[in-house]
There are 2 protein chains.
Amino acid sequence: MFRLSKITDYGIVLLSHMAGSDDRAGDHVIHNARELADHVDLPLPVVSKILKSLAREGVLESHRGARGGYSLKTNAERLTVAQMITVLEGPVAMTECADSAGQCLHEESCAMRSPWQLINHVVKNALEEISLADLIRATDPLAAILSSPIQPDQPARLGDG
Amino acid sequence: MFRLSKITDYGIVLLSHMAGSDDRAGDHVIHNARELADHVDLPLPVVSKILKSLAREGVLESHRGARGGYSLKTNAERLTVAQMITVLEGPVAMTECADSAGQCLHEESCAMRSPWQLINHVVKNALEEISLADLIRATDPLAAILSSPIQPDQPARLGDG
DNA sequence: ACTATATCGGACCAAATCGGTCCTGTAAAT
DNA sequence: ATTTACAGGACCGATTTGGTCCGATATAGT
């Protein structure tokens with residue numbers, strides 16, 4: 001279906017909320033799992049699981065114990081969507097062979113490895129162009145359209161079937 | 001895992017092979033399922049299934065009966081990767097809410113719809129920039145790198161964890 | 001020191017999706 | 001009439017996903 005997993009979806013939502021509530025000085029506010037779960041209206045265990053993995057991967061800093069929680073560890077301008085996806089569900093690899101060699105059985109006979117790498121490269125690139133900061137700016141619907149980096153020039157429609 | 005399904009993977013491989021073997025005049029050569037299956041070294045039923053759906057969706061033209069098979073219905077320059085993906089596994093929609101409204105339960109309370117649409121738009125755009133013809137040109141490994149439309153300027157690496 | 005609060009690291013399970021096979025029907029060529 | 005090849009869909013095992021739960025550990029406040 002070419003979807004991100006829900007974990008990734010939720011994870012980026014959480015990161016956006018956290019980045020959005022950081023103070024202007026850029027200092028990172030601490031939020032605990034329960035508070036975040038309430039805010040995004042998701043079950044606590046789910047949110048908890050995601051935050052744990054974000055902390056493990058170094059995107060968030062965790063603060064244990066009473067009054068603990070999580071805070072961003074990176075500047076929202078420098079954290080890209082590509083990075084968030086990588087951390088939450090592994091490297092962006094649209095096919096087996098796109099990422100690293102030796103995964104796909106057909107690798108030798110198949111002439112498609114380079115084409116797939118091309119596709120993968122283009123998508124990855126697009127995702128590296130968007131930062132967490134861009135996302136919170138895009139919260140305004142109008143901004144979302146205007147800030148679109150590339151102006152689409154729609155290619156030919158399919159002949160329909 | 002942010003992968004295309006294998007069906008989509010195989011489908012694009014098949015289309016590339018077909019486009020690659022069309023004659024220079026642009027006339028569309030007929031290939032039957034068995035021949036294609038042999039060529040890409042995939043089980044016949046799988047290839048067959050994919051070709052059927054490509055025909056149903058109007059990307060291929062099917063020719064029934066003895067000496068029948070499938071031929072491309074569209075010019076390789078005008079058929080984009082985005083279209084192929086859409087046809088093989090549905091619209092490019094990285095999250096539930098990215099494509100059309102009313103799918104996601106959290107839609108009202110959640111401020112993320114526009115950001116997701118931004119992300120989706122950027123990816124979709126990238127995929128619309130690549131045509132089937134580009135893919136067969138990229139079969140040469142060097143070309144794959146050189147033809148990359150956007151020059152990556154790598155953003156900050158993660159602080160590691 | 002004790003208690004309450006939070007994270008840590010997994011195990012665990014039901015449900016959905018995916019990859020692949022198979023079968024019956026129909027159209028066209030010889 | 002026979003053979004070739006597509007059409008359409010049922011089907012099934014294996015994997016992945018989404019979500020829950022638990023025992024352990026660290027910190028703050030009293």
Side-chain angles (χ1 to χ4, degrees), chain A residues 1-11 13-14 18 29-38 40-71 73 85 88-90 93-96 103-106 161, chain B residues 1-11 13-14 18 29-38 40-71 73 85 88-90 93-96 103-106 161:
Chain A
M1 221 182 302
F2 200 48
R3 290 256 164 101
L4 295 173
S5 74
K6 295 212 171 185
I7 293 302
T8 304
D9 178 344
Y10 300 159
V13 171
L14 288 167
M18 292 178 77
V29 178
I30 295 181
H31 306 261
N32 68 42
R34 177 173 307 277
E35 173 200 334
L36 289 167
D38 283 353
V40 299
D41 195 35
L42 248 26
L44 174 58
V46 173
V47 169
S48 200
K49 182 189 210 167
I50 295 167
L51 294 170
K52 276 185 272 186
S53 84
L54 287 172
R56 222 175 306 151
E57 301 285 340
V59 175
L60 296 179
E61 184 160 11
S62 75
H63 308 268
R64 302 181 67 163
R67 318 207 38 146
Y70 298 89
S71 58
K73 206 173 168 181
I85 292 175
L88 286 160
E89 65 177 58
M94 297 184 58
T95 61
E96 272 184 311
Q103 305 299 116
C104 176
L105 285 171
H106 303 91
Chain B
M1 221 183 301
F2 200 50
R3 289 257 165 101
L4 295 173
S5 74
K6 295 213 171 186
I7 294 300
T8 304
D9 178 344
Y10 301 159
V13 171
L14 288 167
M18 293 177 76
V29 177
I30 295 181
H31 306 261
N32 66 44
R34 178 173 306 277
E35 173 200 334
L36 289 167
D38 284 353
V40 300
D41 194 36
L42 248 27
L44 175 59
V46 173
V47 169
S48 200
K49 182 188 209 168
I50 295 167
L51 294 170
K52 274 184 274 186
S53 84
L54 286 171
R56 220 175 307 151
E57 301 286 339
V59 175
L60 296 178
E61 184 160 12
S62 74
H63 309 267
R64 302 181 67 159
R67 319 206 37 146
Y70 298 89
S71 56
K73 207 172 169 184
I85 293 176
L88 287 160
E89 64 176 59
M94 297 185 58
T95 61
E96 271 184 312
Q103 304 300 115
C104 176
L105 286 171
H106 304 91

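Just so it is clear: chains get the letters A, B, ... in the order the sequence lines come, proteins before strands, and each one is counted from 1.
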- Check for a donor-acceptor pair, side chain of B/E89 on one end and backbone N or O of B/I7 on the other, with a separation under 3.5 Å. no
- dist A/R67:CZ -> A/I30:CD1 (nearest 0.5 Å) comes out at 9.5 Å
- Query: When the distance from CG of A/D9 to P of D/dG19 is rounded to whole Å, what number comes out?
  - Reply: 10 Å
- A/L42 CG to D/dG18 P, straight-line distance once rounded to whole Å: 12 Å
- Note on the structure: Residue pair B/S5/A/K49 against DNA chain C: nearer the 5' end by closest nucleotide is A/K49
- Task: Take atom NE2 of A/H106 and atom C1' of C/dG20, then tell me their distance rounded to the nearest Å.
- Result: 13 Å
- So B/L36 and B/V40, side chain to side chain contact (heavy atoms under 4.5 Å, CB included) or not? Walk me through it. CA-CA 6 Å; B/L36 289 167; B/V40 300; 5.6 Å; no
- Kindly indicate whether the side chain of A/K52 and the base of C/dG9 share any N or O donor-acceptor pair separated by less than 3.5 Å? yes
- Query: In terms of the angle between their ring planes, are B/F2 and A/F2 parallel, tilted or perpendicular, with boundaries placed at 30° and 60°?
  - Reply: parallel
- Using only side-chain N and O atoms of A/S62, determine if any of them is under 4.0 Å from OP1 or OP2 of C/dC8. yes
Considering only nitrogen or oxygen atoms on both sides, find all protein atoms under 3.5 Å from nucleotides 27-29 of chain C and state each distance.
residue	atom	partner	partner atom	Å
C/dA27	O4'	B/R64	NE	3.4

- Item | side chain to side chain contact (heavy atoms under 4.5 Å, CB included) between A/L42 and B/H106, worked out | CA-CA 9 Å; A/L42 248 26; B/H106 304 91; 3.2 Å; yes
- Within the pair A/Y10 and D/dT17, is there a side-chain N or O less than 4.0 Å away from OP1 or OP2? no
- Message: Can you confirm whether B/L54 sits close enough to B/Y70 that some side-chain heavy atom of one is under 4.5 Å from a side-chain heavy atom of the other?
- Response: no
- Item | A/L4 CG - D/dT17 P separation (whole Å) | 12 Å
- Message: Rounding to an integer number of Å, can you tell me how far A/I30 CD1 sits from C/dT7 P?
- Response: 10 Å
- Whole-Å distance, A/L51 CG to C/dA6 P, equals 13 Å
- salt bridge (charged side-chain N to carboxylate O under 4.0 Å, His left out) between A/E96 and B/K6, intermediate numbers included: CA-CA 9 Å; A/E96 272 184 311; B/K6 295 213 171 186; 3.7 Å; yes
- Task: Spell out yes or no: do the side chain of A/K6 and the base of D/dG19 have one donor N/O and one acceptor N/O closer than 3.5 Å?
- Result: no
- Message: Please report the distance, rounded to the nearest Å, between CG in B/N32 and P in D/dT4.
- Response: 11 Å
- Task: Give the rounded distance in Å between these two atoms: CG of B/D41 and P of C/dG20.
- Result: 12 Å
